[in-house]
Amino acid sequence: GAVVSQHPSRVICKSGTSVKIECRSLDFQATTMFWYRQFPKKSLMLMATSNEGSKATYEQGVEKDKFLINHASLTLSTLTVTSAHPEDSSFYICSARLRADTQYFGPGTRLTVL
Amino acid sequence: GESVGLHLPTLSVQEGDNSIINCAYSNSASDYFIWYKQESGKGPQFIIDIRSNMDKRQGQRVTVLLNKTVKHLSLQIAATQPGDSAVYFCAESLGLTGTASKLTFGTGTRLQVTL
C-alpha cells in the first residue's frame with residue numbers, strides 16, 4: 001500500500017519550453033501532496049505544498065509563476081516548469097501524505113533542460 | 001533557521017555488521033521524526049518513524065533511537081546487507097496537520113556495505 005507514482009521518470013527539453021510532471025497516489029487519497037527538488041548528492045528541498053482544491057503554498061524563494069502546481073483531484077497533483085532553463089535541471093520528487101504526518105514519496109523525475 | 005544535520009556523510013560497514021547512522025536536529029519543537037532510504041535515481045523510501053513521546057522504536061532489522069535531551073536521532077541497522085547500500089536521510093516535522101506537517105530533511109549519510 002501507499003504507492004506514489006510520477007510521470008515521466010525522465011524528460012529532456014529545450015530551453016524556453018514548459019514541462020509537466022504528474023504525481024499520483026495509486027492506492028490512497030491524498031488531500032496534501034508535496035513537491036521537492038534535489039540536486040546531485042544533496043538533500044531534498046521542499047518547493048511547495050499542494051492542497052487539493054486550493055492554491056499551493058510555496059516555500060520562500062520558489063517562484064510560483066515558474067513552478068505551477070495544480071492539485072485537481074485527491075490522487076493527482078501536477079508540477080509544470082514553465083519556460084525551462086538549464087538551471088532548472090534537477091531531480092523533482094513528489095510525496096503524498098497518507099496520515100497526519102507520514103509522507104510517501106514518488107520515484108522522482110529527472111529533468112534535463114538543454 | 002532550524003535545521004537537521006548528520007554527523008557522518010559516508011559510512012562504510014562490512015556485510016553482516018551492524019550500522020549506526022546519526023542525526024542531530026535543532027528544532028526542539030519537532031515531535032515527529034522519520035528515516036528514509038534513497039537509492040540512486042529513486043525517491044526516498046520510508047524506513048521507520050518515531051514520535052517524541054518515545055525514545056526507541058524497532059522494526060524489521062532497524063531500530064530508531066531518539067534522545068530529546070541532546071536532540072539526537074539514530075538509525076541502527078542490524079546485520080547490514082549489500083541491499084542496504086543507499087543514502088539515508090533523517091527528517092523532522094511538527095507532526096500536526098496543515099503546514100506543520102512539512103518535513104525538514106537532513107543532509108544525508110551514504111551507507112556503503114563492503115563484502
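Letters go in sequence order (proteins before strands), and every chain restarts at 1.
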If you take all heavy atoms of Ala30(A) and Ala96(A), which pair is closest and at what distance?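 Closest pair (atom of Ala30(A), atom of Ala96(A), distance): CB-CB, 3.7 Å.
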
Gln6(A) portion near chain B, given a 4.5 angstrom heavy-atom threshold: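 Neither part.
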
Is chain B contacted by the side chain of Leu44(A), its backbone, both, or neither, given a heavy-atom distance below 4.5 Å? both

Answer yes or no: does atom NZ of Lys42(B) have more than 12 heavy-atom neighbours from other residues, nucleotides or ligands under 6.0 Å?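 No.
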
Phe46(B) and Tyr104(A) aromatic ring geometry - parallel, tilted or perpendicular at 30°/60° bounds: tilted

What class does the angle between the rings of Tyr25(B) and Phe33(B) fall in, given that below 30° is parallel, 30 to 60° is tilted and above 60° is perpendicular?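 Geometry flag for Phe33(B) against Tyr25(B): tilted rings.
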
For Tyr58(A), check ring-ring contact (aromatic ring centres under 6.0 Å, His included) against everything at least two apart and list the hits.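 Counting only residues at least two positions away or on another chain, Tyr58(A) forms no ring-ring contact (aromatic ring centres under 6.0 Å, His included).
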
Residue-level contacts of residues 64-83 of chain A with chain B, using a heavy-atom cutoff under 4.5 Å: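 Within residues 64-83 of chain A, no residue comes under 4.5 Å of chain B, counting heavy atoms only.
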
Tell me, for Gln38(B) versus chain A, whether the close heavy atoms (under 4.5 Å) come from the side chain, the backbone, both or neither. side chain

Quick one: which residue pairs count as a salt bridge (Lys or Arg N to Asp or Glu O under 4.0 Å) with a foot in residues 74-83 of chain B, not counting sequence neighbours?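 Not a single pair qualifies under salt bridge (Lys or Arg N to Asp or Glu O under 4.0 Å).
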
Residue pairs involving residues 30-44 of chain A (criterion salt bridge (Lys or Arg N to Asp or Glu O under 4.0 Å); sequence neighbours excluded): none

